[in-house]
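As the structure lists them, so they are numbered: ligands from 1, and atoms in each ligand from 1.
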Amino acid sequence: MTVTEPARAGPPPTVETVRGPVPVTELGRVFMHEHVFVLNEEIRQNYAADWDEEEQVGAAADKLSALARRGVATIADPTVVGIGRNIPRIQRVAARTGINIIVATGLYIYNDLPLYFRYRGPDSGIDGHDPMTDLFAADITEGIAGTGVKAAFLKCCIEEEGLTPGVERAMRAVARAHVITGAPVMVHTHPASQSGLEAMRVLGEEGADLSRVLMAHSGDTDDLDYLTRLADAGCLLGMDRFGLDILFPFERRVAAVAALAARGYADRMVVSHDASCHIDWFPAGLIGVFAPNWHLGHLLDEVLPALRERSVSEQQIEEMLVANPRRYFSPAGAGPAT
Ligand SMILES: [Zn+2]
């Protein structure tokens, strides 16, 4: 006999943030891909004489507080090792702003592994086991570097360089940590080379749940065949570089989201900027010249109005900003958290 049980009513699941667990129902509007700081830490320590820690922490908190005042309650920050992850610094920012900051674990590389991991590899380990898997999993289950802050998602990259041996090892370690912990995955992809498909294959081989995989930077293309292949496999599409019009123009970014929404894919997209409160990749003032719209206010000021003009409904916008992030950060099989 089959007994159909009523949906289990209990407290909503929680997601770890820098200030501790938050019910997923309280995440509100989420920008799913923004960075507080992107830094070359070793260069900063040696050469950035103009770095003022106190000033930078304060400026970042001010930018995030301004975003919170405009109704965005949460950002997901995929700054992992490779682009300057420093959780104590993020804790100082979080202490000065009400916005929720969700942090990640994983590795940001386009080519080779850091030498630290090169000689601590599956070839040198027992049973071909990769020590990165355990480090990433522990960031999720135990916390990061003694801070008590737990990562809530995993990050890896596959750029134009493709599946290099280093990229593959990092991706498989991320996939295994995902299988062990259940935490969702974000992949930095390069749509021009359709690298999301290769990521999907590798993650699938490792037994990843593709409905818990976000293909970041999918908005850098309007190739709907490519995008719907990822979405039909269950992946979330990160339409997450609004403002980087130099990489792909505003009109085409907006049109791609509108076209996908019209085809029923609003439940497969999230929107964001991939902006940073501070990034050291560019000389001071240059971003304002090459990407003047690449800041945290662009979505609210220009993108959402443009989507509404193209018949994207309020409900679809709320799906992309609220429901999809909530689902992504809910444990698999948790059911709809309302
Ligand atoms: Zn990013």
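- Contact check on R89 versus E53 returns a salt bridge, with a Lys/Arg side-chain nitrogen under 4.0 Å from an Asp/Glu carboxylate oxygen.
- Side-chain contact between E41 and I43 is absent, with no heavy atoms from C-beta onward closer than 4.5 Å.
- Side-chain contact between M32 and Y328 is present, with at least one heavy-atom pair separated by less than 4.5 Å.
- At least one side-chain heavy atom of V93 sits less than 4.5 Å from a side-chain heavy atom of F37.
- Nearby protein atoms of type N, O or S around the Zn ion (ligand 1) amount to 3 (distance under 2.8 Å).
- Taking the charged nitrogens against the carboxylate oxygens, R253 and D222 have no contact shorter than 4.0 Å, which rules out a salt bridge.
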Point to revise | Residue pair Q194, D223: steps toward the side-chain hydrogen bond (donor to acceptor under 3.5 Å, both in side chains) verdict | key: CA-CA 10 Å; Q194 303 203 332; D223 179 345; 3.3 Å; yes
